[in-house]
Amino acid sequence: MIAAGPAIELVDVTRRFVTPDAKVMTALRDFSMTVKRGEFTCVVGPTGCGKSTTLNLVTGLARPNQGDVRLFGQPVTGISRDIGFVFQADALFPWRNVLDNVAAGPMFRGAGKAEAHDKARDWIARVGLSRFEKHYPHQLSGGMRKRVALAQTFINQPKILLLDEPFSALDIQTRTLMQDELLDLWSEAGASVIFVTHDLEEAIALADKVYVLTAGPATVKAVYTIDLPRPRVTAEIRYDPAFIDYARTIWGNLREEVQRSHNQASAAA
């Protein structure tokens, strides 16, 4: 029985690691974040500020040096089956066709082949790729591969969904389609989401809440609640006056950190 409370909590977290030249680097410092159940949270910040480190802490792949990370009120002690992760790069098996890629998760979790294939066909249909079940990843476009990745993730019914710049390599038209596809799947699944992106407009179009991180070592500079109606069509919501106001306000905060990160990099060069 899962107790009531937030889905994800990072409380006063500090994360350090040793660089290849044996220096200690602090990626996150006094970092706190809360994601409610079913909430879509986006994280923006300068390059190298620790956004991906945040996701690694939630998965349990990294441990905090200080502070606490909790999922549904329980400390993170390892990799949870309740988490789905969509990466920037394709994480598909190149030797498997679409059907077998999507069926892999249920089979790894103990489902029989027939059951896994039935579930996979359902999810492949949901992302509009029924005609491509027998195709291999190299035979698909970038957008189609990303649809397979979403089906591959959602088929496992994750309670928590982590996405690390999943659409950054796509052209703008395909990215917009994939954003709407993601929102449709998320609205059905009700997962709690952390979506990392460098694209501020993408963050505002998708999110219930946007976290702005400082230049490294990262902490939370500001949190914005995005009060835009749902369901959203991302190509249209960008013309809403409220969207434009959010973009102007948040960029004012983010721009300072981007400039500070640039200055830090220039000084270290």
Side-chain angles (χ1 to χ4, degrees), residues 6-10 28 31 33-62 69 71 76 79-92 101-102 105 123 126-127 142-172 174-213 218 223-224 226 230-232 234 237:
I8 305 168
E9 296 173 279
L10 292 90
L28 301 175
F31 182 95
M33 170 186 287
T34 300
V35 179
K36 298 176 184 177
R37 294 165 187 262
E39 186 173 59
F40 200 123
T41 296
C42 283
V43 179
V44 297
T47 298
C49 75
K51 298 185 293 297
S52 296
T53 300
T54 303
L55 299 184
N56 288 337
L57 288 165
V58 175
T59 62
L61 292 173
V69 183
L71 303 182
V76 173
I79 298 173
S80 171
R81 292 165 63 96
D82 290 331
I83 293 176
F85 206 132
V86 181
F87 300 90
Q88 180 177 4
D90 293 330
L92 306 180
N101 260 291
V102 178
W123 278 99
R126 293 192 197 193
V127 298
M144 293 166 78
R145 289 195 299 272
K146 199 58 68 175
R147 287 173 186 267
V148 176
L150 289 177
Q152 192 180 52
T153 301
F154 276 98
I155 194 174
N156 295 316
Q157 299 179 301
K159 294 183 176 69
I160 292 172
L161 183 60
L162 308 178
L163 303 103
D164 193 356
E165 298 188 68
F167 307 142
S168 61
L170 302 177
D171 64 80
I172 186 62
T174 305
R175 183 186 304 183
T176 301
L177 291 174
M178 292 309 307
Q179 290 164 354
D180 290 336
E181 189 80 42
L182 173 62
L183 287 179
D184 287 344
L185 294 173
W186 164 74
S187 66
E188 292 180 20
S192 306
V193 177
I194 299 179
F195 186 108
V196 165
T197 179
H198 280 100
D199 185 335
L200 178 56
E201 289 194 3
E202 179 175 62
I204 298 169
L206 294 174
D208 297 312
K209 192 164 60 182
V210 174
Y211 277 76
V212 178
L213 306 193
V223 184
Y224 296 89
I226 307 301
R230 294 193 187 275
R232 297 177 192 168
T234 58
I237 199 70

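- With a 4.5 Å cut-off on side-chain heavy atoms, Thr197 and Val43 do not count as touching.
- Taken from CD1 in Ile160 to CD1 in Ile83, the straight-line distance is 5.0 Å, to the nearest 0.5 Å.
- With sequence neighbours left out, the side-chain hydrogen bond (donor to acceptor under 3.5 Å, both in side chains) criterion links Thr53 to no other residue.
- Separating the CE atom in Met178 from the OG1 atom in Thr234 is a distance of 11.0 Å, to the nearest 0.5 Å.
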For this session: Report the C-alpha separation of Ile194 and Met33 in whole Å, then their side-chain angles, then the decisive distance to 0.1 Å, and conclude whether the side-chain contact (heavy atoms from CB on, under 4.5 Å) test is met.
Result: CA-CA 10 Å; Ile194 299 179; Met33 170 186 287; 3.9 Å; yes

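- In this structure, the side-chain hydrogen bond (donor to acceptor under 3.5 Å, both in side chains) partners of Gln88, at least two apart in sequence or on a different chain, are Ser168.
- Every residue was checked against the salt bridge (charged side-chain N to carboxylate O under 4.0 Å, His left out) condition with Arg81, not counting sequence neighbours, and none meets it.
- Residues meeting the salt bridge (charged side-chain N to carboxylate O under 4.0 Å, His left out) test with Glu39, sequence neighbours left out: Lys209.
- Of all heavy-atom pairs between Lys36 and Ser192, the closest is O-OG, 3.4 Å.
- With rounding to the nearest 0.5 Å, the separation of CG in Leu182 from CG in Leu206 is 6.0 Å.
- When the salt bridge (charged side-chain N to carboxylate O under 4.0 Å, His left out) test is applied to Arg126, the partners found at least two apart in sequence or on another chain are Asp122, Glu188.
- Under the 3.5 Å distance criterion, the side-chain polar atoms of Asn101 are left unmatched by any main-chain donor or acceptor of Leu92.
- With hydrogens and angles disregarded, a donor-acceptor distance shorter than 3.5 Å links the side chain of Thr54 to the backbone of Gly50.
- Here the side chain of Lys146 pairs a donor or acceptor atom with the backbone of Pro166 at under 3.5 angstrom.
- The OH atom of Tyr211 lies 5.0 Å from the OG1 atom of Thr34; values are rounded to the nearest 0.5 Å.
- Atoms CG and OG, from Leu57 and Ser52 in turn, are 11.0 Å apart once rounded to the nearest 0.5 Å.
- Every pair passing salt bridge (Lys or Arg N to Asp or Glu O under 4.0 Å) that includes a residue from residues 175-187 is listed here, sequence neighbours excluded: Arg147-Glu181, Arg175-Asp199.
- Here the closest non-hydrogen pair linking Thr174 and Gly143 is CG2-CA, 3.6 Å.
- In this structure, the side chain of Tyr224 does not engage the main chain of Val212 through any donor-acceptor pair within 3.5 Å.
- In this view, Asp90 and Arg145 satisfy the side-chain hydrogen bond (donor to acceptor under 3.5 Å, both in side chains) rule, not counting sequence neighbours.
- Judged as a salt bridge (Lys or Arg N to Asp or Glu O under 4.0 Å), not a single pair has a partner in residues 41-55 (not counting sequence neighbours).
- For Ser187, there are no side-chain hydrogen bond (donor to acceptor under 3.5 Å, both in side chains) partners two or more places apart in sequence or in a different chain.
- Judged by distance alone, with hydrogens and angles left aside, the side-chain atoms of Thr176 form a donor-acceptor pair with the main-chain N or O of Ile172 at under 3.5 Å.
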For this session: Evaluate the criterion side-chain contact (heavy atoms from CB on, under 4.5 Å) for residue pair Leu183 and Arg230; output intermediate values, then yes/no.
Result: CA-CA 10 Å; Leu183 287 179; Arg230 294 193 187 275; 3.7 Å; yes

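- For the pair Leu150 and Val86, the minimum side-chain heavy-atom distance is below 4.5 Å.
- For the side-chain contact (heavy atoms from CB on, under 4.5 Å) test, residues two or more places apart in sequence or in another chain that qualify with Ala151 are Val102, Trp123, Val127.
- Note: Phe195 CZ to Trp186 CH2 = 12.5 Å, rounded to the nearest 0.5 Å.
- Using modelled atom types, one finds no donor on one side chain facing an acceptor on the other under 3.5 Å when comparing Asn56 with Thr59.
- Phe85 pairs by the ring-ring contact (aromatic ring centres under 6.0 Å, His included) definition with Phe87, not counting sequence neighbours.
- The salt bridge (charged side-chain N to carboxylate O under 4.0 Å, His left out) test applied to Glu202 returns no partner, not counting sequence neighbours.
- When atom types are taken as modelled, the side chain of Arg232 and the backbone of Ala207 share a donor-acceptor pair closer than 3.5 angstrom.
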For this session: For the pair Leu163 and Val196, evaluate side-chain contact (heavy atoms from CB on, under 4.5 Å) and give the outcome as yes or no after the intermediate values.
Result: CA-CA 6 Å; Leu163 303 103; Val196 165; over 6 Å; no

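- Among the candidates Val58, Val193, Thr41, the single residue satisfying the side chain to side chain contact (heavy atoms under 4.5 Å, CB included) test with Val35 is Thr41.
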